[in-house]
Chemist: 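Submitted below is the structure of interest, expressed as structure tokens.
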Amino acid sequence: MKPLEIYQSYMRSPYLSRKHSSYFRAYTELFERYRNTDVTFVEIGVMDGGSLFMWRDYLGPKARIIGIELNPRAKRWQQDGFEIFIGSQSDPKFWQSFFKSVGPVDVVLDDGGHTFDQQIFTVHSCIPNVRDGGMIVVEDTHTSYYREFGYPSKYSFIEWTKRLIDNINSRSQSVDVSRLPYKRGIYSITIFESMVCFSIRPRECHDSHSTSNNGASVGANDFRYEGSSVGTLQALYRGVGNRFPVLKKFTPARRLASALRSRYCALVTKRNLKRLGDFF
């Protein structure tokens with residue numbers, strides 16, 4: 001099998017770079033569409049400079065490639081045509097200064113220090129400054145499972161990502177589990193092994209509500225609980241409603257029946273969910 005083009009670019013780089021073998025397939029899926037475009041591509045973590053040359057080789061001469069590094073010696077790569085900024089990715093003031101200087105960007109790739117605060121501060125700070133349709137990609141998220149980085153912790157980057165999944169789902173009118181602000185900027189989250197990609201599309205981050213095509217109904221009943229005690233209760237409600245149609249028009253009775261049914265379904269469902277323990 002012919003090696004992926006991004007891997008060939010990696011091997012052609014004249015300076016040292018270290019990447020996990022699984023990353024190249026993910027890179028191809030994520031960044032192929034930016035090749036030979038005037039993309040503004042930011043990489044956090046320059047080190048020996050090898051990945052800067054890899055990205056230039058892969059993305060093409062139109063790409064604006066910007067490096068961020070803590071070590072001031074990374075400035076040397078400016079002589080090769082790269083823009084280099086020295087600063088801490090966990091410092092909000094650095095990010096303010098950075099984006100004031102470079103303007104909006106298309107892609108941010110975090111291959112920096114990999115600590116939880118660095119990764120979280122980076123995503124938080126970059127979301128408002130990534131162009132609509134761009135992305136933020138955080139590498140080496142396996143550090144969320146390293147004891148030396150603080151695992152186990154409810155404040156790991158992966159745990160935060162799970163909270164953002166809750167936040168995105170809170171765009172649904174029937175879900176209110178997270179009041180974090182990111183659901184207005186993050187359209188979707190793609191999780192790879194050791195890598196998380198946040199798709200930034202504010203124009204698509206609208207609230208979701210139920211719709212109907214107003215087609216003809218055949219009066220189908222909900223059979224998801226058929227054969228269970230919940231199904232028996234629902235059948236009872238339907239039977240009473242059919243026998244006394246006036247109750248369907250009496251709002252307090254409908255609301256009480258709905259509340260009781262919902263409460264009972266929740267209790268029964270929680271009891272039944274115990275059988276899923278082996279999946280967690």
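We count residues from 1, following the sequence as given.
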Chemist: Is it true that a side-chain atom of Arg56 and a backbone atom of Ala63 form a donor plus acceptor pair closer than 3.5 Å?
Modeler: no
Chemist: Quick test of your reading of the model: are Asp278 and Arg275 salt-bridged, counting only N-O distances below 4.0 Å?
Modeler: no
Chemist: Is atom OH of Tyr7 surrounded by more than 12 heavy atoms (other residues, nucleotides or ligands) closer than 6.0 Å?
Modeler: no
Chemist: Show me the donor-acceptor pairs within less than 3.5 Å that the side chains of residues 190-199 make with the rest of the protein, sequence neighbours left out.
Modeler:
from	atom 1	to	atom 2	distance (Å)
Glu193	OE1	Ser22	OG	2.4
Ser194	OG	His142	ND1	2.8

Chemist: Examine distances only and state if a side-chain atom of Ser17 and a backbone atom of Ser13 form a donor-acceptor pair shorter than 3.5 Å.
Modeler: no
Chemist: Could you state the interatomic distance from OG1 (Thr37) to CG (Leu59), rounded to the nearest 0.5 Å?
Modeler: 7.0 Å
Chemist: Can you list every pair that meets salt bridge (Lys or Arg N to Asp or Glu O under 4.0 Å) and has a residue in residues 115-127, with sequence neighbours left out?
Modeler: none
Chemist: Are Thr141 and Gln119 close enough that a side-chain donor and a side-chain acceptor fall under 3.5 Å?
Modeler: no
Chemist: Has Arg12 got more than 12 heavy atoms of other residues, nucleotides or ligands less than 6.0 Å from its CZ?
Modeler: yes
Chemist: Does any part of the side chain of Tyr145, heavy atoms only, come nearer than 4.5 Å to the side chain of Ile158, both counted from C-beta?
Modeler: yes
Chemist: Output a table of donor-acceptor pairs, distance under 3.5 Å, between side-chain atoms of residues 93-114 and any protein atom two or more places apart or on a different chain; print 'none' if there are none.
Modeler:
from	atom 1	to	atom 2	distance (Å)
Trp95	NE1	Gln89	O	2.8
Asp106	OD1	Arg131	NH1	3.3
Asp106	OD2	Thr40	N	2.8
Asp106	OD2	Arg131	NH1	3.0
Asp110	OD1	Gln89	NE2	3.1
Asp110	OD1	Gly112	N	2.9
Asp110	OD2	Gln89	NE2	3.2
Asp111	OD2	Lys19	NZ	3.3
His114	ND1	Gly112	O	3.4
His114	NE2	Gly112	O	3.1
His114	NE2	Asp140	OD2	2.8

Chemist: When Phe82 is tested against each of Phe53, Tyr15, Trp55 for ring-ring contact (aromatic ring centres under 6.0 Å, His included), which residue passes?
Modeler: Phe53
Chemist: Looking at Asp91 and Gly87, would you say the former's side chain and the latter's main chain have a donor-acceptor pair under 3.5 Å?
Modeler: no
Chemist: Give the intermediate values and the outcome of salt bridge (charged side-chain N to carboxylate O under 4.0 Å, His left out) for residues Lys183 and Asp207.
Modeler: CA-CA 9 Å; Lys183 66 181 181 179; Asp207 290 334; 5.1 Å; no
Chemist: Report yes if the side chains of Tyr151 and Ser156 come closer than 4.5 Å at any heavy-atom pair, otherwise no.
Modeler: no
Chemist: Suppose clustering is done on Ile, Leu, Val, Met, Phe, Trp and Tyr with side-chain heavy atoms closer than 4.5 Å. Which residues sit in the same group as Tyr155?
Modeler: none
Chemist: Side-chain contact test, heavy atoms from C-beta onward, threshold under 4.5 Å: evaluate it for Ser208 versus Gln173 and give yes or no.
Modeler: no
Chemist: For residues Ile84 and Ile86, determine if any side-chain heavy atom of one lies less than 4.5 Å from a side-chain heavy atom of the other.
Modeler: yes
Chemist: Quick check: closest heavy atoms across Ile120 and Phe157, and the distance to 0.1 Å?
Modeler: CG1-CD1, 3.9 Å
Chemist: Specify whether Phe31 and Phe41 have parallel, tilted or perpendicular ring planes, treating 30° as the upper limit for parallel and 60° as the lower limit for perpendicular.
Modeler: perpendicular
Chemist: Counting only heavy atoms not in Arg163 (residues, nucleotides, ligands), do more than 12 fall under 6.0 Å from its CZ?
Modeler: no
Chemist: Please find out if less than 6.0 Å separates the ring center of Trp160 from that of Tyr182.
Modeler: yes
Chemist: When you look at Asp166 and Ser178, which way does the side chain to side chain donor-acceptor pair (under 3.5 Å) test go after all the steps?
Modeler: CA-CA 6 Å; Asp166 292 337; Ser178 172; over 6 Å; no
Chemist: Taking salt bridge (Lys or Arg N to Asp or Glu O under 4.0 Å) as the cut-off, I'd like each qualifying pair that reaches into residues 60-82, sequence neighbours left out, listed once.
Modeler: Arg64-Glu83
Chemist: Which pairs count as salt bridge (Lys or Arg N to Asp or Glu O under 4.0 Å) when at least one residue sits in residues 149-161, sequence neighbours excluded?
Modeler: Glu159-Lys162
Chemist: Taking atom types as modelled, is there a side-chain donor on Tyr27 or Glu139 under 3.5 Å from an acceptor on the other?
Modeler: yes
Chemist: Given side chains that start at C-beta, do those of Leu4 and Arg25 come closer than 4.5 Å, heavy atoms only?
Modeler: yes
Chemist: Quick check: are there more than 12 heavy atoms from other residues, nucleotides or ligands sitting under 6.0 Å from CZ of Phe85?
Modeler: yes
